[in-house]
Visitor: 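Take a look at this one; I'll ask things after.
FYI, the numbering just counts along the sequence from 1. One-based numbering, in listed order, for ligands and for the atoms of each.
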Amino acid sequence: MQPLDLYATIEEHLDFKEEIEHLYNSIAHIVFAINPTSVIDIGCGQGDFCQILESNGLKTLGVDLSQKQIQIAKSKKIDAQCIDIKDCKEKFDCATAVFDVINYIPKNNIKEFLTHTYNLLENNGYFIFDINSLYGFEEVAQGTLTIDTDDKFIAIDANFEDNCLATDITLFTKETTLYKKDYGTIKQYYHENKELKKILQAVGFKIENIINFNLHSDEDFDKFIFVCKRVKNDF
Ligand SMILES: C[S@@+](CC[C@H](N)C(=O)[O-])C[C@H]1O[C@@H](n2cnc3c(N)ncnc32)[C@H](O)[C@@H]1O
């Protein structure tokens with residue numbers, strides 16, 4: 001199983017619901033204030049954020065690289081496609097990337113990814129996303145966790161080194177009396193705000209706001225929410 005699909009399989013067992021709702025509500029609040037007619041949610045996962053937008057009357061398309069995530073989103077009647085954003089031909093007033101999506105983009109690809117996002121937007125369109133702070137990676141995201149259910153045993157081991165969080169996931173799924181083993185590593189990357197700001201501006205975004213955010217920790221900000229506006233014409 002490819003690592004993003006493996007994450008999709010175990011996601012329902014991760015106990016983040018309350019924290020994520022807080023993040024969803026904060027980002028949805030920003031989107032509603034912009035009042036766009038169409039939104040693309042990049043890295044939509046199982047479609048929960050799309051559902052919030054749609055239930056508030058916004059036309060939303062969810063896209064994700066994981067076929068498994070998109071299957072689950074579609075089962076909830078979300079308009080969702082397993083497509084790379086570089087192949088998406090539609091334009092939107094607003095793009096979102098919620099709950100770690102930008103962490104998944106390696107340093108070498110971030111400028112290209114942000115350029116594709118820029119190209120998805122109408123002039124004056126908004127891009128809103130969250131990203132982990134260094135504190136979020138070093139102090140919050142690292143660690144080990146095991147989850148034992150009737151038919152699954154999951155082991156997660158996350159280590160942050162050289163600005164990369166490598167999360168090893170091992171999943172044992174009960175099949176009759178035997179267990180099937182799946183294993184994969186998800187990588188997330190720390191992007192320093194200063195560097196990210198430079199790249200966003202070089203691509204053509206104006207940064208309207210960077211909001212400090214506490215997702216899993218009360219002690220320090222473990223995330224930032226970026227609110228960016230497309231201000232230049234197409235290259
Ligand atoms: C932690 S999940 C968050 C999913 C969803 N936004 C949510 O709030 O539950 C990160 C998601 O980003 C997706 N992803 C990672 N890299 C991506 C990329 N380059 N383009 C689109 N989706 C990507 C993964 O497949 C995964 O579903």
Visitor: Does the pair Asp15/Lys17 count as a salt bridge with the N-to-O cut at 4.0 Å?
Guide: no

Visitor: So that I can tick it off, tell me whether Lys174 and Asp150 are bridged by a salt bridge, with the cut-off set at under 4.0 angstrom between side-chain N and carboxylate O.
Guide: no

Visitor: Any carboxylate oxygen within less than 4.0 angstrom of a Lys/Arg side-chain nitrogen, looking at Lys76 and Asp48?
Guide: yes

Visitor: Below 3.5 Å, N or O to N or O, backbone or side chain included: is there any such pair between Tyr24 and ligand 1?
Guide: yes

Visitor: Does the plane of the ring in His216 sit parallel, tilted or perpendicular to the ring in Phe16? Use 30° and 60° as the thresholds.
Guide: tilted

Visitor: Using heavy-atom distances, let me know which of Ile52, Leu4, Val101 sits nearest atom 12 (O) of ligand 1.
Guide: Val101

Visitor: Over 60° means perpendicular and under 30° means parallel, so classify the ring planes of Tyr7 and Tyr104, tilted if in between.
Guide: perpendicular

Visitor: Any N or O on Val98 sitting closer than 3.5 Å to an N or O of ligand 1?
Guide: yes

Visitor: For ligand 1, indicate whether the residue Phe99 contacts it via side chain, backbone, both or neither (heavy-atom separation under 4.0 Å).
Guide: both

Visitor: Heavy-atom distances under 4.0 Å are what count here, so tell me which part of Tyr7 touches ligand 1: side chain, backbone, both or neither.
Guide: side chain

Visitor: Are any of the N or O atoms of Gln69 closer than 3.5 Å to those of ligand 1?
Guide: yes

Visitor: Please state which protein non-hydrogen atom is closest to atom 16 (N) of ligand 1 and give its distance, to 0.1 Å?
Guide: Tyr104 CB, 3.8 Å

Visitor: In terms of the angle between their ring planes, are Phe49 and Tyr24 parallel, tilted or perpendicular, with boundaries placed at 30° and 60°?
Guide: tilted

Visitor: Asp64 versus ligand 1: do any nitrogen or oxygen atoms come within less than 3.5 Å of each other?
Guide: yes

Visitor: Just going by heavy-atom distances, which of Gly43, Ala8, Gly45 is nearest to atom 22 (N) of ligand 1?
Guide: Gly43

